[in-house]
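See structure below.
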Amino acid sequence: MKSSEAVKLYFNRAADQLELTENMRALLLTPKREVQVQIAIEMDNGDLQTLLGYRVQHNNARGPMKGGLRFHPEVDLDEVRGLASLMTWKTAVVNIPYGGAKGGIAVDARSLSTRELERITRKFIDEIHDVIGPDTDIPAPDMGTNAEVMAWIMNQYNKYHGFGPGIVTGKPVEHYGIPGREEATGRGVGIIAIKTLGRLGRKPKETRVALQGFGNVGSHAAKFLHDAECRIVAISDLSGGYYREEGIQVLEAIRYANQHKRSLEGYPEAEKISNEELLELDVDLLVPAALGGVIHADNAERIKAPLIIEAANAPIRPDADALLNDRGVLVLPDILANAGGVTVSYFEWVQNRQYYQWGLDRVRQELDRVLTSAFEEVWGLSHEHDVSLRTAAFMLGIGRVGRATVLGGIT
Ligand code: NAD
């Protein structure tokens, strides 16, 4: 199933609960604008390369559109379209005054030199600077992009439109960024996990956790949960899984990965397992924090964890989601669980517009406040309507966007 179809399926399930008309569904599902541009650049070896870049601006009923830029070989218009609409519901679930957008370039960022990456980024901004802006559409990092890429975006955009750091978020802290942005998504996953355990009457100390993916999101989520006294029994990355029943020393594993090109390859303090085995471990909490689609109809029956927090975007395919739901597995959906990143991006934008530097304590305190409130609302709706947490999160998001659309006037 295409990613835009999966989002549409979840949308319609929530729209049924909200009794939305067909016309309203069409309005809310149709992106406002889709842009595809040619990016022609000269590679370091003198070859000409022509790439495709995309920006989908899904909805701005609640504020400027917001969403990451992904540089990955599998990026295409359909994927970007699905992710843009997810951003609309995500910003609405956490109630920050943004709409949703997403962008990307079909390229393998790892195969590029830093100079090639910079040329591609600047050329992309040359092509789309007219349709983005601090009051219209604010990009951010995603797969294959980082704080440095965001600094180039700000610099290139400012050449056309004058100085203004609020055009992009996820910038380096030394260059108009905000402290705590890097940890924000993983920290948010941890906050949501601890809230859920509390609601289930479970103690963190008695909770065994397996995490897939040990990059930005996975490592910060592991650190937060470890600090909260959960026992992290397994972690993994592209190199495979690492299992230790007594608990992984998370800080040691982070240090090891940092010393080995951000890879756990060869990590000596645990037993080596495969990524598939990690997903199927008999643990209390599973946190997929790597890729989309890792839990599917073929392995859903073998997932033993009674609680899954979706740290990655769409790690569970819709067919598996239905199977897990039938078995009573509790799933905290991505649009709530990984919304910490966009929330702190919002704080960065506020900070940039006020020309006032926030401190880390304030960022963490506000993040906790925003996510706690969203969690309570989703949990409440789920029980009130007897629906899954995913349907409840979509109901909350769609309801807010729908009301803003009607109140703002449609014609
Ligand atoms: P990252 O590139 O920093 O880390 C990805 C991790 O996944 C790495 O450890 C990598 O080795 C591992 N990985 C890759 N392929 C794997 C595989 N086949 N099996 C197991 N592990 C594999 O990326 P990230 O920023 O941590 O993002 C992870 C996920 O979270 C993505 O789905 C992303 O879209 C989503 N997300 C990220 C943010 C953010 O702020 N970074 C916000 C929202 C959602």
Side-chain angles (χ1 to χ4, degrees), residues 3 66-75 79-80 82-84 86-87 89-91 93-94 100 102-104 108-110 139-147 149-150 169-171 177-178 180-190 192 210-223 234-242 253-254 256-258 260-265 267 272-279 286-296 299 309-316 332-348 367 371:
S3 44
K66 185 89 189 86
L69 269 187
R70 177 172 285 199
F71 290 2
H72 190 274
E74 279 161 31
V75 163
E79 182 188 70
V80 175
L83 291 168
L86 264 189
M87 287 305 298
W89 318 126
K90 190 181 291 187
T91 54
V93 167
V94 287
K102 201 79 175 190
D108 183 1
R110 287 175 307 180
D142 197 84
M143 277 153 106
T145 57
N146 56 24
V149 173
M150 299 305 117
T169 60
K171 300 178 292 292
I178 193 165
R181 172 60 185 89
E182 204 194 301
E183 67 175 23
T185 307
R187 189 176 179 85
V189 167
I192 296 290
L211 275 128
Q212 184 186 52
F214 207 61
N216 175 289
V217 179
S219 63
H220 283 292
K223 183 172 178 303
I235 54 175
S236 81
D237 66 6
L238 248 182
S239 72
Y242 302 83
I254 292 175
Y256 182 91
N258 286 340
H260 295 81
K261 297 185 182 162
R262 301 198 174 263
S263 170
L264 290 165
E265 178 83 66
Y267 180 62
K272 186 86 193 271
I273 56 172
S274 69
N275 259 299
E276 290 70 38
E277 286 171 315
L278 178 134
L279 291 174
L286 177 64
V287 185
L291 307 168
V294 293
I295 301 176
H296 38 76
N299 65 1
I309 313 267
E310 288 190 318
N313 281 322
I316 303 177
L332 268 287
D334 47 9
I335 58 170
L336 170 64
N338 68 25
V342 72
T343 302
V344 175
S345 268
Y346 165 62
F347 301 156
E348 180 179 335
L367 175 64
L371 291 183

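Counting starts at 1 for both ligands and their atoms, following the listed order.
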Would a 4.0 Å cut-off, counted as strictly less than, catch a protein heavy atom around atom 2 (O) of ligand 1?
no

Tell me, with the steps shown, if Thr145 and Met150 meet side-chain contact (heavy atoms from CB on, under 4.5 Å).
CA-CA 8 Å; Thr145 57; Met150 299 305 117; 3.9 Å; yes

Salt bridge present between Glu348 and Lys171 (N-O < 4.0 angstrom)
yes

Please report the interatomic distance CZ(Phe71) to CE(Met143), rounded to the nearest 0.5 Å.
13.5 Å

Side chains of His220 and Arg187: closer than 4.5 Å at any heavy-atom pair?
no

Are Ile335 and Val94 close enough that some pair of their side-chain heavy atoms sits under 4.5 Å apart?
no

Provide, to 0.1 Å, the distance between atom 6 (C) of ligand 1 and the closest protein heavy atom, together with that atom's residue and name.
Gly215 N, 3.7 Å

Does Leu291, backbone or side chain, put an N or O under 3.5 Å from an N or O of ligand 1?
no

Out of Thr343, Asn313, Asp334, which residue meets the side chain to side chain donor-acceptor pair (under 3.5 Å) rule with Lys90?
Asn313

What is the closest protein heavy atom to atom 39 (C) of ligand 1, and at what distance does it sit?
Thr185 OG1, 3.4 Å

When rounded to the nearest 0.5 angstrom, what distance separates CG in Leu264 from OH in Tyr256?
8.0 Å

Closest non-hydrogen contact found for Phe214 with Ala222 is CE1-CB, 4.0 Å

With heavy atoms and a 4.0 Å threshold, my read on which part of Ala289 contacts ligand 1 is backbone

Record the part of Leu238 in heavy-atom contact with ligand 1 below 4.0 Å; permitted values are side chain, backbone, both and neither.
both

May I ask you to list the atoms of ligand 1 that are less than 4.0 angstrom from any heavy atom of Arg181?
40 (O)

Without hydrogens or angle criteria, can the side chains of Thr169 and Arg181 be said to hold a donor-acceptor pair below 3.5 Å?
no

Using a plain distance cutoff, I'd like to know if Asn275 has any nitrogen or oxygen under 3.5 Å from a nitrogen or oxygen of ligand 1.
yes

Identify, for atom 21 (N) of ligand 1, the protein heavy atom at the shortest distance, and state residue, atom and that distance.
Asp237 C, 3.4 Å

Going by side-chain hydrogen bond (donor to acceptor under 3.5 Å, both in side chains), name the residues that satisfy it together with Glu277, two or more places apart in sequence or in a different chain.
Ser274

Would you say Gly213 has any N or O atom under 3.5 Å from an N or O of ligand 1, going by distance alone?
no

Can you find a non-hydrogen atom of His220 under 4.0 Å from ligand 1?
no

of all protein heavy atoms, closest to atom 7 (O) of ligand 1 is Ala290 CB, 3.4 Å

With heavy atoms of Arg70 as the reference, note each atom of ligand 1 found under 4.0 Å away.
34 (O)

Answer yes or no: does an N/O atom from Gly218 fall short of 3.5 Å to an N/O atom of ligand 1?
no

Side chain, backbone, both or neither: the part of Glu310 lying under 4.0 Å from ligand 1 by heavy atom
neither

For ligand 1, indicate whether the residue Arg262 contacts it via side chain, backbone, both or neither (heavy-atom separation under 4.0 Å).
neither

Where do Ala140 and Ser345 come nearest, in terms of heavy atoms and distance?
CB-OG, 4.4 Å

Asn338 N/O under 3.5 Å from ligand 1 N/O
no

Heavy-atom nearest neighbour of atom 37 (C) of ligand 1 within options Asn216, Leu211, Val217
Val217

Under 4.0 Å from atom 23 (O) of ligand 1, do we find at least one protein heavy atom?
no

What residue and atom, counting heavy atoms only, is the protein's closest point to atom 33 (C) of ligand 1, and at what distance?
Asn313 ND2, 4.3 Å

Against ligand 1, does Ala311 come closer than 4.0 Å with any heavy atom?
yes

So do the side chains of Asn338 and Ile192 get within less than 4.5 Å of each other, counting heavy atoms only?
no

Does any N or O atom in Lys90 lie less than 3.5 angstrom from one in ligand 1, N or O only?
no

Qualifying residues under side-chain hydrogen bond (donor to acceptor under 3.5 Å, both in side chains), relative to Ser236, sequence neighbours excluded:
Asn275

State whether Lys223 and Glu183 are salt-bridged, where the test is any N-O pair (Lys NZ or Arg NE/NH1/NH2 against Asp/Glu carboxylate O) under 4.0 Å.
no

What do you reckon, does Gly292 have a nitrogen or oxygen under 3.5 Å from a nitrogen or oxygen of ligand 1?
no

Can you tell me which residue and heavy atom of the protein come closest to atom 30 (O) of ligand 1, and the distance to 0.1 Å?
Ala312 CA, 3.5 Å

